[in-house]
Asks: 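This structure is in structure tokens; I'll ask about it shortly.
Convention: sequence-line order gives letters A, B, ...; per-chain numbering from 1.
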Amino acid sequence: MKIQPRAALASASIILMIMAAAAMQIVWLPTSAIADPDPGMGGGMMGGGGGGDNTNAEPRKLTAAEEAFFESKIRPVLVQNCYKCHSSQGRAKAGLKVDTRAAMLTGGDGGPVIVPGDPDNSMLIQAISYANQDMQMPPNGKLPDAVIADFRAWVKMGAPDPRVPAGSMGMGSDSGSGMSSPQRPAPTNGENGGGIGTSEAPTEPAGPKSDPGDHWAFKKPVKPAVPAVGSPWARTDLDRFIYEAMAAKGIKPVKDASATAMLRRITFDLTGLPPAPEAIAPFEAAYKTSPEKAIAAEVDRLMETPQFGERWGRHWLDAARYAESNGAGPQNVTYPHAWRYRNYVIDAFNAGIPYDQFIREQIAGDIMAGKLTDKAEQDRLNIATGFLAFGPKPLKENDRRQFYADMVDEQIDAISRATFGLTVSCARCHDHKFDPIPTREYYAMAGILFSTETCYGTVANVGQVRRAGDLIELKALGGDGKQLDAGDLAKMRTRVAEMEDELREANRAYLADRDNQQLNRQRRVLQLQISRARARIDEYDALGNPLAFAMGVREGARVVNSPILLRGEVDQPSTVVARGFPTVLGVNVGPIPPNQSGRLQLAQWITSPDNPLTARVAVNRIWYHLLGRGIVGTLDNFGTRCTPPTNQKLLDYMAVRFQEQGWSVKQMVRTIMTSRVYGLAIAESAEGDAKDPDNELLWRANRRSLDGESLRDAMLAAADELDVERPGGSPMQQIGDQQVAGQVVNRAEQFATESGVRSVYLPVLRNALPDALDLFNFADPDAVNPERRDTIVPTQALYVLNGPLPIRAAHGTALRVRTATQDTDERIRLAWQLVLSRLPDANELARAKQFVVEFRKSLDDTFTQPQRRPFRRPGQGRPGRFQQDENAMSDDEREVETWSALAQALFASAEFRYLD
Amino acid sequence: MNHNPHDSNLFGQDPACCSRRHLLKAASGGFAWLAFSAMLAGKLPLPSYADPEPGAAGGQDTIPKPKARAKRVIFLCMQGAPSHVDTFDYKPTLIASDGKSFSRNRGRVSGNSKLLAPQWKFYSYGKSGLPISELFPNVGKHADKLCLLNSMSTDLPDHGRAQLKLHTGNSQFIRPSMGAWVIYGLGSENENLPGYITINPGGGSQNYGAGFLPAEFQGMPVPMRGRSEAQLRYMDNPRLKPKNQRVQLDFVQDLNKHHMQQNTPGGDQAIEGVIKSYEMAFRMQADAPKLMDIESEPQAVKAAYGIGNGDTDGFGRQCLLARRLSEAGVRFVEVQNGGWDHHRNLSDALPDSCRKIDQPIGALLADLESRGLLDETLVIWGGEFGRTPYSQNSNGRDHNNKGYTLWMAGGGVKGGMRYGATDEVGYEAVENKIDIHDVHATILHLMGIDHEMLTYRYAGRDFRLTDVFGHVLKDIVTA
């Protein structure tokens, strides 16, 4: 049998490819001949054998560095300079092939050409170094010295080479070098060259390094047996998996967190807010009696507050790249209706909508709504599809095809990384480099979205927008505008018609005098006015009733299959492919009906119980939000390039359980939060530090930084200036369709500083986030970004020390503390409770008292008493304004400033910024 | 929380004291510790690590150390991958081959690719006669200072990961960025400013992150954020004086140290990072506002950078700011400029992009030279990869990681030279191939650091910026 993997690829069926790869695997296995290389040939094994043995005694995974080294420095040189004569595809001159590691170790007529670990005794190195007059390769010219040095380094490393597929992913570096593997089957096919050569030689070495279809994450998780270890430490099944992994390394978990740390952790994790001061003492008492019960009760209570959805909805909004503007420079225009989706998400988490349904709603809500009669529910489902609509788009693109191709690409990227954790859009221009996703499957998925109409609004000519879109009209909800009568509407229409006439005139004038910028400006202003006026008319129905809109999608006018666009170029259409899904995950949801886009089937495909990824990706993120790191570190990529799971059994257990429990996010959150591992302290352990310095096994808690939202909300909460009610809409709704620049940016910033709304309701403008979020590592909404980074930079400190919001909140906290009591100690205790959710210890109390005295003294030293000079002299500032002498401060103000400085100091503390 | 009633003398410790143990533990190997010890002492003679204590690096007490030629780096980072064949990689064959099919059958190059000749002339500039595109007339004036690295290549033709690779040497794992490594090795020249500042950063914080290095080494971003100018805000308190803030900050730091003592007496990178970031913030209040205020520059200087002119205003401001920060002792300044991803409309978009940066860069080089700073300031220009010699969308170029160009100037680099070469059409580096590790090794070398010796122990092994790779490009270094 001659196996041609390239043909298999082209034949569209990944299944076929996997079969081919499996067959090739047999072909590619090292032959027993290499078990005993003739030591007399080619410089023999003297000296070098040892090094080779050591590096190759066990089949092992290539490190990323080794693989990168091989791929960047070795393989291209081999392909370019050697394959022509020494490969299965080429002529195998002198019996030598260098297109697999095994072949190199077997060698040709002259014996092995590499001795792993020993470049000096490797014939390959001698040949390319031109050391031997009779054997100089490549024959037409010596390779550059740097390349030869690379080869030496590579052989020295043990010649790591991913080209031999072994049993599983990442086992590329085969044991080959003389360590025979008797348990391996001998090659069954004498014609072993064919498969290898066809995959390697003619093109760039993109051939499979080992079968990516074997990747663990592409197989459905099976619920592993719960290890019978860990008692009495383990509280839940999750703990037993954790304990087992720790025990295997000889590490013990540290102690449990204190009651105050625990309450703060739980409250922020569930609500994004600090605990209420009055909740602290009861929890401490309950925790003393039974930590388990105290935690469970608090978790249950907080999970039913509306703040739960605001917190956990925000996590999803990170993954969904939610934003209220388009981004991308001059195309960065507002999305005035995007906020409805934000509220939909928050409500969905609060209502406990099963995660699979939640995903389906966002991809096919409009189709699901079709059968319903409940208008409010229809609206809700339509709003859900906003997920597909608020991505960044090339709104000023001239070429229509290009625009759609780019928009669909962005949608594919968002869907695949946000929900099932694969980077499908890598396959837009070429087959995916690492995952088994051929380009044709990308275009199979693209066809679904090309058959969909995306309604993202925007107004032509605002901020260079050329490609304005429609919006989804809501049914149950009315708009916020005022009622018009038929006369008003008619007037507006007449005005548009007039302006259109004016524009025609202006265009004519401009065409006659193209250098006249004045004329050009005139017609541009008119264009903008017309599109704005039209947009305003569109906000009403025929009777003048204001309408409400959402961003979203609906089925397109035509159902189309997409051609493959060669290299992703819109003017290079090739074979047309039927709409469909990546096949590597082995999920079958039946055919896509010819009259439907296939979004409904896509939604079902993603959330099918057979999909090996969706549940894993979901529970991994929940875990990340609660423990500070994902079991798989790459939260949006579970492909072959994901970071390996630190505890796959635990991940799989949770993934299966998540589905068994009806995809309930709340249940999974509860399960994790009531585990013992969640409640560990941040503490040191000599053995933990030594054996697992990265804390991959979670023998202690990770110190997690609060995100910008929590910091802002907590500051406002301390000042009692946080408004926990949901505000209506968004400031962007009031601002309307505008380019994001100047005033729009300033208003968003001002809103963040001056309003008391929860941070989840602040406007999320691409490339113009409010500082309170931006400086503290808000998820970049340009793309799927489920992870919050942790940076510690002076600009953050400057914001806390000098920014208007922290100053305002510190001031509010000071007033609150000062009003509550006259007693300094009591004031300090209250400030500590309001900001840090605990009482100060004796040292802290003493130090704080010292601070109050010292700070007041420093004010007395630096400020004068205010003089009676309330008005500016003529010519200095506006008349009538009270003049503030910046060097003067009244006694009363000094008192307030002192307490304000204390509150602000607590805001600035590391303890406030982190969850312990 | 377990409060220790016996730690009443906790407060009032030396600020460095709490972290020393941890630092010792974290950085016990090789020169890492020396860099740290110098930092802890607050002052770092240059080059700091070049005088190892005997035996400090496991007996390697006679390591030859590179001479420090550059004290500072200004990295002009072009996001989106500028076309090399249209700018700094002169390819006569490509110019003569417009429309010819490109038949090399490899990887992404399939189907009917047609070569696309540069639409702009190349001129010989300077005494060296370096060929540079007419798109860069002002940079061209400095040809005799430029070293064109024409044989760059990188792993992946994907912006995000290639940018990561460019900045950190690794596209897969979270690793410290080169700026972080540099200030980890050399410390800061100005204790009132962060050693590493990145102006208008794009592409994620990992590109200027500290990775596993202590948080204080990460780059401090000076963002644009929907404004016309990169700014640092919140530089002074509307009411309090620095003297008051100092009292406040002393209190904060005592609380921080106390907190760390409670849970992690061995030290904690996060808390130490917060402590250091506040101290830096406080010190910055004194100097940074003046430095950030480019309006104080003479009108002639501003005009030279193109400030006030629509096209060049933005990048001109950033370059001038970079010069001011660098002059003030910020060791590593990066300036980012986006919009180079010219898949389409190359004939209009590329000149636009070049126009925005040409005059500012020319002015920057001239300004550094006239101030006598160019010799000790390494200026680097380039993107994450290059673009294909064949066309995409008829008037555009696709990503090309196989061959592209970076250039360096000043800071101990030979001028007026091209190093390495791509093939005859500029597709693939073929002569003296350079990868990112080589660039990193060379940058460190120019700064007086042996890239194999600058290590940090993390998770049980000594890490380097260059991992196990990197060759210093000795041929481009001045004697």
Side-chain angles (χ1 to χ4, degrees), chain A residues 64-65 68-69 72 144 146 202-204 206 258 260-261 429-430 566-567 569 571-572 682-684 693-694 703 740-741 745 767-768 774 777 780 789 791-799 801-803 838 841-844 847 851 854-855 858-859 862 897 901 905 908-911 913-914 916, chain B residues 1-3 7-8 10-11 105-108 111 155 172 194 204-205 209 215 218 220-221 225-227 232 234-237 239 241 243-245 247-248 251-252 254-256 258-259 263-264 266 268 270-271 273-274 277-278 280-281 284 392-393 398 431-433 435 459-460 467-469 471:
Chain A
F69 189 88
S72 62
T203 59
E204 180 71 11
S258 67
T260 46
C429 307
H430 48 79
L566 294 176
R567 294 188 306 275
E569 293 180 29
D571 49 6
Q572 298 278 326
I682 289 174
E684 294 171 342
D694 244 5
R703 188 164 261 140
V740 175
V745 178
N767 197 33
D774 193 41
N777 307 304
D780 180 357
R789 302 254 175 244
T791 64
I792 306 169
V793 286
T795 37
Q796 296 159 341
L798 288 166
Y799 182 76
L801 291 175
N802 302 328
R838 66 174 177 90
D841 66 21
N843 295 309
E844 289 164 332
R847 183 64 181 85
F851 167 74
E854 282 176 1
F855 191 82
S858 90
L859 292 180
T862 43
E897 283 294 337
S909 69
E911 181 177 353
R913 178 138 160 208
Y914 287 89
D916 274 350
Chain B
M1 200 148 297
N2 300 300
H3 302 308
D7 59 1
S8 53
L10 184 69
F11 294 114
N105 185 12
R106 39 183 67 241
R108 297 177 72 183
D155 304 0
Q172 202 183 357
S205 58
Q218 67 192 237
M220 187 190 74
R225 262 211 40 229
R227 300 190 172 84
L232 276 188
Y234 314 118
M235 292 303 298
D236 54 7
N237 190 289
R239 200 70 181 104
K241 312 287 180 197
K243 204 177 158 193
N244 314 130
Q245 284 190 309
V247 174
Q248 186 187 30
F251 173 49
V252 174
D254 278 349
L255 295 179
N256 287 341
H258 178 60
H259 180 59
N263 295 301
T264 44
D268 181 280
I271 297 179
V274 171
S277 76
Y278 272 84
M280 178 56 76
M284 277 172 64
Q392 187 188 28
N393 302 307
D398 202 355
E431 183 194 311
N432 291 331
K433 269 180 87 166
D435 74 9
D467 199 353
V468 299
F469 311 103
H471 305 280

Asks: Is the closest side-chain heavy-atom distance between B:F251 and B:L255 below 4.5 Å?
Replies: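 Touching, per the 4.5 Å side-chain cut-off.
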Asks: Less than 4.5 Å to any heavy atom of chain B: does that hold for the side chain of A:A842, its backbone, both, or neither?
Replies: neither
Asks: In terms of heavy-atom pairs under 4.5 Å with chain B, which of A:A146, A:S909, A:A905 leads?
Replies: A:A905
Asks: Considering only heavy atoms and a distance below 4.5 Å, find which of B:K433, B:M235, B:Q218, B:Q245 pairs most often with chain A.
Replies: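 Counting heavy-atom pairs under 4.5 Å, the top option is B:Q218.
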Asks: Can you list everything that forms a salt bridge (charged side-chain N to carboxylate O under 4.0 Å, His left out) with B:K243? Sequence neighbours excluded, please.
Replies: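 Partners of B:K243 under the salt bridge (charged side-chain N to carboxylate O under 4.0 Å, His left out) test: A:D861.
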Asks: Output the option from B:D236, B:L232, B:V468 having the highest count of non-hydrogen pairs under 4.5 Å with chain A.
Replies: B:D236
Asks: Check each atom of A:D780 against the heavy atoms of chain B and say whether the ones under 4.5 Å are side chain, backbone, both or neither.
Replies: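 No part of it gets close to chain B.
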Asks: Find the one option among B:D435, B:N432, B:N237, B:D155 whose heavy-atom pairs under 4.5 Å with chain A are most numerous.
Replies: B:N237
Asks: Shorter than 4.5 Å, heavy atoms on both sides: which option in B:P194, B:G209, B:G273 has the most such pairs with chain A?
Replies: B:G273
Asks: What I'd like to find out is whether the side chain of A:Q796 reaches to under 4.5 Å of the side chain of A:R913, using heavy atoms alone.
Replies: yes
Asks: Relative to chain B, which segment of A:Y914 carries a heavy atom at a distance below 4.5 Å: side chain, backbone, both, or neither?
Replies: side chain
Asks: Between A:D571, A:L859, A:L798, who has the most heavy-atom pairs with chain B when the cutoff is under 4.5 Å?
Replies: A:L798
Asks: Would you mind reporting whether B:H259 and B:D268 have side-chain heavy atoms less than 4.5 Å apart?
Replies: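 Contact flag for B:D268/B:H259 side chains = no.
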Asks: Heavy-atom distance under 4.5 Å between the side chains of B:M284 and B:M220, does that happen here?
Replies: yes
Asks: Just checking, is any N or O donor in the side chain of A:N777 or B:S205 under 3.5 Å from an acceptor N or O on the other one?
Replies: no
Asks: Looking at A:R789, A:E897, A:E854, A:R703, which one has more heavy-atom pairs under 4.5 Å with chain B than the rest?
Replies: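 Top option by heavy-atom pairs under 4.5 Å: A:R703.
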Asks: Could you work out, with side chain to side chain donor-acceptor pair (under 3.5 Å) as the rule, every residue matching B:N256, not counting sequence neighbours?
Replies: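 By the side chain to side chain donor-acceptor pair (under 3.5 Å) rule, B:N256 matches B:Q253.
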Asks: Please rank A:I682, A:I792, A:V793 by heavy-atom pairs under 4.5 Å with chain B and give me the top one.
Replies: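 Between A:I682, A:I792, A:V793, the count favours A:I792.
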Asks: Which bit of A:P693 comes within less than 4.5 Å of chain B, counting heavy atoms only: side chain, backbone, both or neither?
Replies: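 Only the side chain of A:P693 comes within 4.5 Å of chain B.
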Asks: How are the rings of B:Y234 and A:Y799 set to each other: parallel, tilted or perpendicular (split at 30° and 60°)?
Replies: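 If you compare the ring of B:Y234 with that of A:Y799, the planes turn out perpendicular.
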